[in-house]
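Naming convention: chains lettered A, B, ... in sequence-line order (proteins, then strands); numbering from 1 in each chain.
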2 protein chains.
Amino acid sequence: MALADTTEAAERMALVLTQGGLQKATARVLAALLFADSDSVTAPQLAEGLGISSGSVSGAIKMLSTVGLIEKVPAPGSRREHYRLREGAWATLMSAQNSTVQAMFEAADQGIAATGADAPAARRLAEMRDFYGFMFRELPALVERWQAERSRC
Amino acid sequence: MALADTTEAAERMALVLTQGGLQKATARVLAALLFADSDSVTAPQLAEGLGISSGSVSGAIKMLSTVGLIEKVPAPGSRREHYRLREGAWATLMSAQNSTVQAMFEAADQGIAATGADAPAARRLAEMRDFYGFMFRELPALVERWQAERSRC
DNA sequence: TCAAACTTTCAAAAATCTCTGAAAGTTCTG
DNA sequence: CAGAACTTTCAGAGATTTTTGAAAGTTTGA
């Protein structure tokens with residue numbers, strides 16, 4: 001049955017997302033939105049479909065909205081809140097992860113300040129700082145390159 | 001006191017590493033190796049200095065070695081095992097994270113296969129697949145660019 | 001080869017994180 | 001405006017992860 005197949009694929013997707021750091025309920029909500037047959041989905045539909053509590057759905061929606069992965073659908077009539085995956089969500093997510101890169105850069109930089117430039121640790125910290133500094137500069141450019149390439153098609 | 005400052009910086013670093021997904025003991029071991037005053041450090045030194053059990057140190061070393069962040073030091077005399085941060089560790093780490101990107105790509109690809117290309121989900125999954133496909137192709141090149149730039153200096 | 005020092009393993013304790021369920025708060029519709 | 005349906009919040013139950021501590025296994029040097 002086709003539905004079973006997509007459910008299984010969605011659960012596999014949720015597993016991957018979990019390994020990427022999302023909690024289980026959140027990952028399943030995101031996967032459900034990815035695999036949804038309609039343009040948007042309501043919270044009760046998610047709770048029902050996934051067999052989780054409304055509280056879990058609420059928490060998942062809050063988290064995914066904060067990160068910018070999903071959004072409320074403007075007003076498809078005037079019914080209750082509908083949610084859907086945002087356009088360009090993945091690029092947004094990658095940009096968000098760039099703040100982790102920034103944190104690594106800053107931690108290394110502060111480390112150098114704390115050790116003094118001639119300590120043995122300084123060389124190690126400098127390599128770290130330079131690497132994450134490079135990535136922090138270049139990753140946004142990479143994402144932009146993707147967006148440019150995409151809009152060209 | 002200078003030592004206190006570097007300890008504090010190391011703990012801050014450990015916190016950042018924790019947010020990056022490492023468990024606490026592992027993050028503290030890595031930070032200790034980053035901030036160490038000597039070229040290499042033994043497991044008992046780490047356990048003593050961090051106030052954690054030898055079992056935790058062993059687990060941390062195992063994990064960090066597997067990922068390629070640290071290495072045994074060949075033979076600084078012939079004493080017990082010494083460990084240190086590997087040269088180019090951060091580039092290695094970034095490359096390892098690329099396998100997460102690959103997993104995302106593959107999950108999206110399998111999702112498309114499961115839904116059929118005309119389902120509403122297919123467009124969403126295709127955007128995801130294309131994005132992670134792009135990143136999976138381009139990230140290694142970015143790391144290489146870093147390495148080239150670094151060796152030039 | 002033996003003793004000492006180190007390392008690894010693993011079960012159980014401790015700590016942490018996640019989910020639920022119910023109550024309180026909203027918003028819509030009749 | 002009242003009732004119904006939905007949403008949010010949060011304390012506590014439940015699940016999971018992490019750490020420890022101790023025993024077993026190694027390695028080293030005399």
Side-chain angles (χ1 to χ4, degrees), chain A residues 10-11 13-33 36 38 40-67 69-84 100, chain B residues 10-11 13-33 36 38 40-67 69-84 100:
Chain A
E11 288 300 332
M13 169 75 74
L15 206 66
V16 172
L17 293 168
T18 296
Q19 288 159 359
L22 295 185
Q23 61 190 62
K24 194 174 165 192
T26 305
R28 298 219 297 147
V29 164
L30 182 52
L33 289 170
S38 48
S40 60
V41 181
T42 67
Q45 284 174 332
L46 288 166
E48 160 82 37
L50 296 172
I52 61 180
S53 71
S54 58
S56 291
V57 173
S58 174
I61 285 173
K62 190 181 200 174
M63 187 271 156
L64 293 170
S65 301
T66 301
V67 184
L69 279 175
I70 68 174
E71 65 189 351
K72 281 186 184 153
V73 174
S78 141
R79 285 173 282 171
R80 291 304 172 140
E81 309 292 22
H82 281 231
Y83 298 94
R84 72 175 168 212
T100 300
Chain B
E11 288 300 331
M13 169 74 75
L15 206 66
V16 172
L17 293 168
T18 296
Q19 286 159 0
L22 294 186
Q23 63 189 63
K24 193 173 166 195
T26 305
R28 298 218 297 147
V29 164
L30 181 53
L33 289 170
S38 48
S40 60
V41 181
T42 67
Q45 283 174 333
L46 289 165
E48 161 82 38
L50 297 171
I52 61 181
S53 71
S54 58
S56 289
V57 173
S58 174
I61 286 174
K62 190 180 199 175
M63 187 270 157
L64 293 170
S65 301
T66 301
V67 184
L69 279 175
I70 69 174
E71 65 188 351
K72 281 187 184 149
V73 173
S78 137
R79 285 171 284 169
R80 291 304 172 142
E81 310 292 22
H82 281 232
Y83 298 93
R84 72 174 167 212
T100 300

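- Separating the CD1 atom of B/Ile61 from the P atom of D/dT26 is a distance of 18 Å, rounded to the nearest angstrom.
- Dashed line: the shortest gap from a side-chain N or O of B/Lys24 to OP1 or OP2 of C/dA15 is not under 4.0 Å.
- In the set D/dT9, C/dT7, C/dC19, C/dT7 carries the atom at the smallest distance from any side-chain atom of B/Pro44.
- At least one side-chain nitrogen or oxygen of B/Gln23 sits closer than 4.0 Å to the OP1 or OP2 atom of D/dT19.
- Side-chain contact between B/Leu15 and B/Glu11: absent, with no pair of heavy atoms (C-beta onward) separated by less than 4.5 Å.
- When each of B/Thr42, B/Val41, B/Ile61 is tested with B/Tyr83 by the rule side-chain contact (heavy atoms from CB on, under 4.5 Å), just one qualifies, namely B/Ile61.
- Of the candidate nucleotides D/dT19, D/dT9, C/dA4, D/dT9 has the atom nearest to the side chain of A/Ser58.
- Considering all non-hydrogen atoms of both residues, A/Arg28 and A/Leu50 come closest at NH2-O, 2.6 Å.
- B/Lys62 has its NZ atom 11 Å from the C1' atom of C/dT7, to the nearest Å.
- Using a 4.0 Å cut-off on heavy atoms, the residues of residues 46-55 of chain A that approach DNA chain D are A/Ser54, A/Gly55, listed by number.
- To the nearest angstrom, C1' of C/dC17 lies 15 Å from CG of A/Leu22.
- Distance NE2 (A/His82) to P (D/dC6): 10 Å, rounded to an integer number of Å.
- One donor-acceptor pair, N or O on each side, does fall under 3.5 Å between the base of D/dT27 and the side chain of B/Arg80.
- Rounded to whole angstrom, the span from the OH atom of A/Tyr83 across to the C1' atom of D/dT8 amounts to 10 Å.
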